Amino acid sequence: MAQLAKAAESNRVEINTTNGSKAAAWATPISAKAVLQKQGEHAMDRDGVKASIQYARHNGGWVAEFRFALRSGLCWACTLPLTTSSEHLATEAGALAHAARRLLDSMASAIDGDSLTKAQQKSVDALVAWASDFLAPATSPSNAAPLAGKRFLDLFAGIGGFHIALASQGAICAGAVELDAESRKTYLANHPGSYAIHDDIKTANAKMFGDVDIVCGGFPCQSFSVAGSREGLANPDKGALFFDLARLIGDLAPSVVILENVAGLRDHDGGKTFDTVMDTLTGLGYSVSTKLLNAGDFGLPQMRERLFLVCIHDSVLANRVAPFIFPKGTDATKVVADILEPASTVAPCKRDMVRLKPNPKGRSTRIERVGLIDGMDHQGYRVASAQGKGFTLCANSGGPGGKSGLYLVKRTVRKLNPRECARMQGFPASFTPHANERTAMKQFGNSVAVPVIEAISCSVSIRSPN
């Protein structure tokens, strides 16, 4: 005891109080340098068990640790210090849930193989019931929403493909910008909230949206597309809007930017346009990683190849060798037949089809063109088998296939309806398309493939600024 007292006394120091007198305090031991002061605690003490979860905010995230002791006959107990090494989660609820899950796992390990008396089982049941109340928000860091609590700005928002994907990862909409009035109506009808929505990116400014962690958007692609004007950044109503996007990024300084465009952006004007885009984003302080991803590899039946740019600000950049690693598609098996409605209301195409080849005998992982309407080999006139992949949905394509393309379904040639187009892009069944069919088809053609954005956002990790 004397040795303990002597050791304790060695850590005793004097501090000045507010009135100038001296008071005793304890210096932090070397072993406890990483221990955090709790900012809150949830506790229970009943039925022969005592437990608590302590939590604190640290380094931009939330940490929580548990302790428990069952006192019915045997003493099973476990406690963990709240330290800088504790698992950091994006939200307080997520941290509490993570601690509660580990508490239950620890208790299960402690009593494994033991025969419990009625009193002991009552204690265990009480602890399980108490800890389980914290589990609803998240159960562990692995399945906690990776972007929980982060705020995103949806630019060139369309009908909200980015919104659905980012919200599925726990992010919160800070605002949206969309020029088309009918698209704004569809957006607001499907994504209720208190965020700001603006019509023109040329007049949008950072003050409208508050703090923003993520900026996302598919900036206009028509002037870069092989099928478009190819005017590039010189087009004042399309390509040049990239610079308004860059202006907002510079003013908002988000941690992450996720952008989408057509593959033609890479080689437009001999690559000079792409160099300008990369130089502009890098000059704003962002690493830029790009990759072509095909929606057909991400559980969709649509062959839709798009260029994605993921930009991470230097202040939160964790890996300077590989700033962002793109996800790989894990499901290329879906075909058009998988998304067709049992009894479609779409009228069949009655124009003559020139057969190119028979239907494939089985499912195919590519577009299987089986015919041409009136013998014309143009978008909107090509016919594919429903047993293969589908054409890229378009916003402005003409011909009898319109914006969806034509498919041979059993013995009938027809285009898709809006609900089927929604499925082609990965929109959920709860999504309500625009009431006008032509408008709805155009909006889906302009949208992004939701599962691809979900996969990208799952791979984004935002750490605290340097």
Side-chain angles (χ1 to χ4, degrees), residues 90-91 138 143-178 183-184 186-193 195 197 209 212-219 221 245 249 254-262 289-302 304-312 324-331 334 339 392-393 421-433 443-462:
T91 65
N143 63 16
L147 300 179
K150 302 301 181 183
R151 287 166 51 84
F152 68 89
L153 174 60
D154 200 355
L155 299 179
F156 310 105
I159 57 176
F162 271 100
H163 188 123
I164 293 171
L166 291 171
S168 74
Q169 307 307 313
I172 302 167
C173 185
V177 178
E178 172 53 46
S183 292
R184 291 199 303 275
T186 305
Y187 194 102
L188 290 170
N190 286 278
H191 314 297
Y195 53 86
I197 188 163
F209 310 108
V212 171
D213 302 293
I214 304 166
V215 165
C216 61
F219 58 102
C221 63
L245 164 69
I249 292 172
S255 297
V256 173
V257 178
I258 306 173
L259 303 175
E260 180 250 24
N261 211 279
V262 293
S289 302
T290 72
K291 190 170 184 177
L292 282 173
L293 297 178
N294 193 324
D297 296 326
F298 290 82
L300 294 180
Q302 179 187 188
R304 187 184 189 89
E305 194 174 57
R306 289 292 184 266
L307 181 67
F308 292 90
L309 300 85
V310 177
C311 317
I312 303 176
F324 181 78
I325 299 175
F326 281 89
K328 296 183 183 298
T330 59
D331 182 6
K334 296 296 188 295
I339 57 91
T392 299
L393 296 184
C421 288
R423 293 170 184 157
M424 286 282 273
Q425 291 282 50
F427 280 71
S430 59
F431 188 89
T432 303
Q443 291 177 350
F444 286 121
N446 263 331
S447 188
V448 292
V450 175
V452 181
I453 307 299
E454 286 180 345
I456 290 173
S457 59
C458 272
S459 302
V460 170
S461 178
I462 302 179

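For clarity, every value in this text was computed on a predicted model and none was experimentally measured. Values below: all heavy atoms of this structure, side chains included; hydrogens, waters and symmetry mates excluded.
Residue His191 comes nearest to Gly160 through the heavy atom pair NE2-CA, 3.5 Å, listed as atom of the first residue, atom of the second, then distance. Smallest separation of non-hydrogen atoms from Val450 and Ala165: O-CB, 3.9 Å. The shortest non-hydrogen separation linking Ala455 to Phe298 is CB-CE2, 3.8 Å. For the residue pair Lys334 and Gly299, the shortest heavy atom distance occurs at CG-O, 3.3 Å. Scanning both residues, Tyr195 and Cys173, for their nearest heavy atoms gives CB-O, 3.5 Å. The two residues Leu300 and Pro451 come nearest to each other via the heavy atoms CD1-CD, 3.8 Å.
Scored by the salt bridge (charged side-chain N to carboxylate O under 4.0 Å, His left out) test, Glu178 finds no partners at all (sequence neighbours excluded).
The backbone N or O of Leu307 lies less than 3.5 Å from no partner atom in the side chain of Asn261, so there is not a single donor-acceptor pair. A donor-acceptor pair under 3.5 Å is formed between the side chain of Asn294 and the backbone N or O of Arg304.
One finds the CD1 atom of Ile453 at 8.0 Å from the SG atom of Cys216 (value rounded to the nearest 0.5 Å). Here the straight-line distance linking atom CD1 of Ile172 with atom CG of Leu166 works out to 12.0 Å at 0.5 Å rounding. Here Leu147 contributes atom CG and Ser457 contributes atom OG; the two are 5.5 Å apart, rounded to the nearest 0.5 Å. Atom CG of Leu309 is separated from atom CZ of Phe219 by 6.0 Å, given to the nearest 0.5 angstrom.
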Distance-only criterion, 3.5 Å: show the donor-acceptor pairs between side-chain atoms of residues 424-431 and protein atoms not counting sequence neighbours.
from	atom 1	to	atom 2	distance (Å)
Gln425	OE1	Gln302	NE2	3.1
Gln425	NE2	Phe444	O	2.8
Gln425	NE2	Ser447	O	3.3

Mind listing the side-chain donor-acceptor pairs of residues 150-159 below 3.5 Å, one per line with the distance, residues two or more places apart or on another chain?
from	atom 1	to	atom 2	distance (Å)
Arg151	NE	Asp211	O	2.6
Arg151	NH2	Phe209	O	2.7
Arg151	NH2	Asp211	O	3.4
Asp154	OD2	Tyr187	OH	2.8

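Taking a 6.0 Å sphere around CG of Leu292, one finds it holds more than 12 heavy atoms contributed by other residues, nucleotides or ligands.
Proximity of Ile249 to Pro254: side-chain heavy atoms (C-beta onward) are separated by under 4.5 Å at one or more points. Within the 4.5 Å cutoff, the side chain of Ser459 has heavy atoms near those of the Phe324 side chain. A heavy-atom distance below 4.5 Å is found between the side chains of Ile456 and Pro327.
Considering Leu245, Thr290, Val310 in turn, Leu245 is the only one that fulfils the side chain to side chain contact (heavy atoms under 4.5 Å, CB included) rule with Leu259.
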Let's go through Val448 and Arg306 carefully: what are the C-alpha distance in whole Å and the side-chain angles of both, what is the deciding distance for side-chain contact (heavy atoms from CB on, under 4.5 Å) to 0.1 Å, and is it a yes or a no? CA-CA 9 Å; Val448 292; Arg306 289 292 184 266; over 6 Å; no
